[in-house]
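In what follows, a structure is listed as structure tokens, so that the remarks can point back to it.
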Amino acid sequence: MNSEFEKQWAAISRGAVDLLPLEEFKSRLKQSIEKNKPLRVKQGFDPTAPDIHLGHTVGIRKLRQFQQLGHKIVLIIGDYTAMVGDPSGRSATRPQLSYDQIMANSETYQKQFFKILDKSVTEIHYNGEWFAKMDFKSILELAAKFTVARILERDDFEKRFKSGTPISIHEFLYPLMQAYDSVAIKADVEIGATEQKFNLLTGREIQQDYGVEPQVILTLPVLVGLDGHQRMSKSIGNYIGIDEPPGEIFGKVMSIPDSLIYSYFELATDIPETHLKEIKAALESGMTNPMNIKKELGQTLVAQYHDAEAARTAREEFERVFSRKEIPEDVPEFDASGYGGRIWIVQLLEDSHIVNSRGEARRLIRGGGVSIDGVKVTDEDLELALKNGQMIKAGKRRHLKIKI
RNA sequence: GGAGGGGUUCCCGAGUGGCCAAAGGGAACAGACUGUAAAUCUGUCGGCGAAGCCUUCGGAGGUUCGAAUCCUCCCCCCUCCA
């Protein structure tokens, strides 16, 4: 029994930043093992965008570990909280989404969750299940359980308040809603990123107010996005979606700053501990070209969300197109048969939607970014004699094959 | 309700009558280089076959030869007081 606890504790605490309150957490786990009663482990996701990205997977992968240890995972799809938008870590109010948009997103969310989690043993709830039924009186009761001073303890609110950035009342409700989710599903454990700590702890207090045994909490590091500074987020656009095509995932991985390589391995992949150590050593020694380690990261992630074959292809494709500057495998064709054999290059770029405007086409040409069959275009007035199979390249990623 | 301060291009932010398609930074895109769609450096960064013209500085009117800049009304945000 004791060794079972040690085993579980090691798995659970790996990679975690905070386990609070620590002793309570341990005893809850012990009890669960002794009584053979799985812990109810909760995490909420607001379907504010159609994609689950690598940042989400940090938590989801932790959930899977719990699941593999036999605990009960309870996913909350925050259809109601999404209408507020979690202000955590944000410096401005989120735009409010329409309900239809939210529902459409939650569809894709569910599909993507179960790329990682085992659907058959996962409990899933929309928080609209309870919030839609709440009347105003119940909302007042909930709101009365917390004070403005307490909520202003939260760093992001405090900053906004002090700097005079608007905070709407409904944003104050967010932590209470998330906390109430824990009441509704009787969570034993709630997990989230470190920036969620306040919300998670609020859950404890509100649960007690409603006579439910308070949850313990587990926080995980925030995954930094492609830009290397801000947290990975859909709204910032610095993310890798797990549903993206192999080439996209691989390419985006290659675009992260070298400094992020290790944390991506640590937080977003399944590689064993021993290999993780090797990677750390390799990065620190400077003996290995970080590019190669990054390629391995890209391949690992593609394999994780597609398969090993796709990963290999993505890598080969990347090496072909970007390292050797050759032509990619699949180039979109453009039917240019209607031009009578000749076309102004700028017009061609615009008509094929490879650029957004003629101005952009001109600029690209001036900057030396356009080539035809490998020959750089220097004249923006060029009247191109069209040939079947001609390859047009605009910038490093946009290719076009002429079809007549 | 009162007093004051604001709303500028994707974002932040400068600009208070012509030199403003609007400084600077960020993002983005491109080029060079390379060890990568890293880093670094350089360039571009509203639209138009490019000449000038058109659209843009919260909205609608107005003053003026000329308005992001001045006036009027309206909308929105912030601060302090009540």
Side-chain angles (χ1 to χ4, degrees), chain A residues 90-95 159-169 171 224-240 244-265 282-283 285-302 314-326 328 339 342-351 353-371 374-384 392-399:
Chain A
R90 300 190 128 240
S91 51
T93 312
R94 276 177 182 265
K159 278 199 190 114
R160 280 166 68 181
F161 191 67
K162 282 198 175 145
S163 70
T165 312
I167 306 172
S168 299
I169 301 281
E171 293 182 83
V224 177
L226 303 179
D227 59 324
H229 301 288
Q230 291 175 278
R231 54 182 285 240
M232 184 174 284
S233 137
K234 297 157 287 196
S235 37
I236 300 168
N238 60 352
Y239 72 99
I240 301 177
E244 293 192 71
E248 281 299 301
I249 295 180
F250 193 91
K252 284 183 174 181
V253 168
M254 294 307 286
S255 82
I256 64 171
D258 293 352
S259 58
L260 250 45
I261 297 175
Y262 182 75
S263 67
Y264 273 48
F265 266 114
L283 284 167
S285 72
M287 298 295 281
T288 317
N289 183 340
M291 173 184 69
N292 291 321
I293 305 178
K294 212 193 276 187
K295 280 179 180 172
E296 185 192 331
L297 176 63
Q299 229 177 322
T300 307
L301 285 167
V302 174
R315 177 176 183 151
E316 279 163 15
E317 185 74 354
F318 181 88
E319 286 167 351
R320 166 167 44 222
V321 178
F322 297 108
S323 309
R324 297 196 297 276
K325 298 202 161 103
E326 290 170 18
Y339 293 123
R342 289 189 87 76
I343 177 73
W344 178 36
I345 181 68
V346 170
Q347 172 109 44
L348 174 70
L349 293 171
E350 201 207 7
D351 287 357
H353 303 297
I354 206 171
V355 297
N356 292 317
S357 69
R358 296 185 173 197
E360 189 187 333
R362 286 172 183 280
R363 275 180 242 125
L364 256 181
I365 294 168
R366 273 181 226 148
V370 175
S371 64
V375 182
K376 203 171 268 192
V377 176
T378 50
D379 176 12
E380 59 189 82
D381 294 320
L382 175 72
E383 291 288 337
L384 178 63
I392 313 286
K393 186 184 178 200
K396 38 189 134 188
R397 300 188 61 192
R398 288 164 281 178
H399 295 263

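Basis for what follows: all heavy atoms, side chains included, without hydrogens, waters or symmetry-related copies. Letters go in sequence order (proteins before strands), and every chain restarts at 1.
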For A:Phe318, what residues pass the ring pair (Phe, Tyr, Trp, His ring centres under 6.0 Å) criterion, not counting sequence neighbours?
A:Phe250, A:Phe322
Using whole Å, what does the distance between atom P of nucleotide B:A50 and atom CD of A:Gln347 come to?
13 Å
Whole angstrom is fine here: how far is it from CG in A:Leu226 over to C1' in B:A28?
13 Å
Residue list, side-chain contact (heavy atoms from CB on, under 4.5 Å) with A:Glu316, at least two apart or on another chain:
A:Arg312
Every protein N/O lying under 3.5 Å from an N/O of nucleotides 8-10 of chain B:
none

Only counting residues at least two apart or in another chain, list the ones meeting side-chain contact (heavy atoms from CB on, under 4.5 Å) with A:Asp381.
A:Trp344, A:Asp379
What are the atom names and distances for every N/O pair under 3.5 Å that joins the protein to nucleotides 30-36 of chain B?
from	atom 1	to	atom 2	distance (Å)
B:A30	OP1	A:Lys396	N	3.2
B:A30	O2'	A:Gly367	O	3.4
B:G31	O4'	A:Gly367	O	3.2
B:A32	OP1	A:Lys376	NZ	3.4
B:G35	O4'	A:Asn289	ND2	2.8
B:G35	N2	A:Asp258	OD2	3.4
B:G35	N2	A:Asn289	OD1	3.4
B:G35	N2	A:Pro290	N	3.3
B:G35	N3	A:Asn289	OD1	2.8
B:U36	O2	A:Met254	O	3.2
B:U36	O2	A:Lys294	NZ	2.5
B:U36	N3	A:Asp258	OD1	2.9
B:U36	N3	A:Lys294	NZ	3.3
B:U36	O4	A:Asp258	OD1	3.0
B:U36	O4	A:Asp258	OD2	2.2

Counterpart residues, salt bridge (charged side-chain N to carboxylate O under 4.0 Å, His left out), relative to A:Arg366 (two or more places apart)
A:Glu380
Non-neighbouring partners of A:Glu296 that pass salt bridge (charged side-chain N to carboxylate O under 4.0 Å, His left out), sequence neighbours left out
none
Interatomic distance, A:Lys252 NZ vs B:A28 P [rounded to whole Å]
12 Å
Applying side-chain hydrogen bond (donor to acceptor under 3.5 Å, both in side chains) to A:Asp227 and not counting sequence neighbours gives A:Asn238
Would you please name every residue forming a side-chain hydrogen bond (donor to acceptor under 3.5 Å, both in side chains) with A:Lys393, sequence neighbours left out?
none
Please identify each residue that fulfils side-chain hydrogen bond (donor to acceptor under 3.5 Å, both in side chains) with A:Arg342, with sequence neighbours left out.
none
Strand partner of B:C80, provided both Watson-Crick or wobble distances fall under 3.5 Å:
B:G2
Taking the P atom of each, how far is B:G7 from B:U69, in whole Å?
11 Å
What is the separation between atom CD on A:Glu360 and atom C1' on B:A28, rounded to the nearest whole Å?
10 Å
Under the side-chain hydrogen bond (donor to acceptor under 3.5 Å, both in side chains) rule, collect the residues that match up with A:Arg398, sequence neighbours excluded.
A:Glu360
Any protein N or O atoms within reach of nucleotides 51-58 of chain B? Criterion: under 3.5 Å, listing atom names and distances.
none

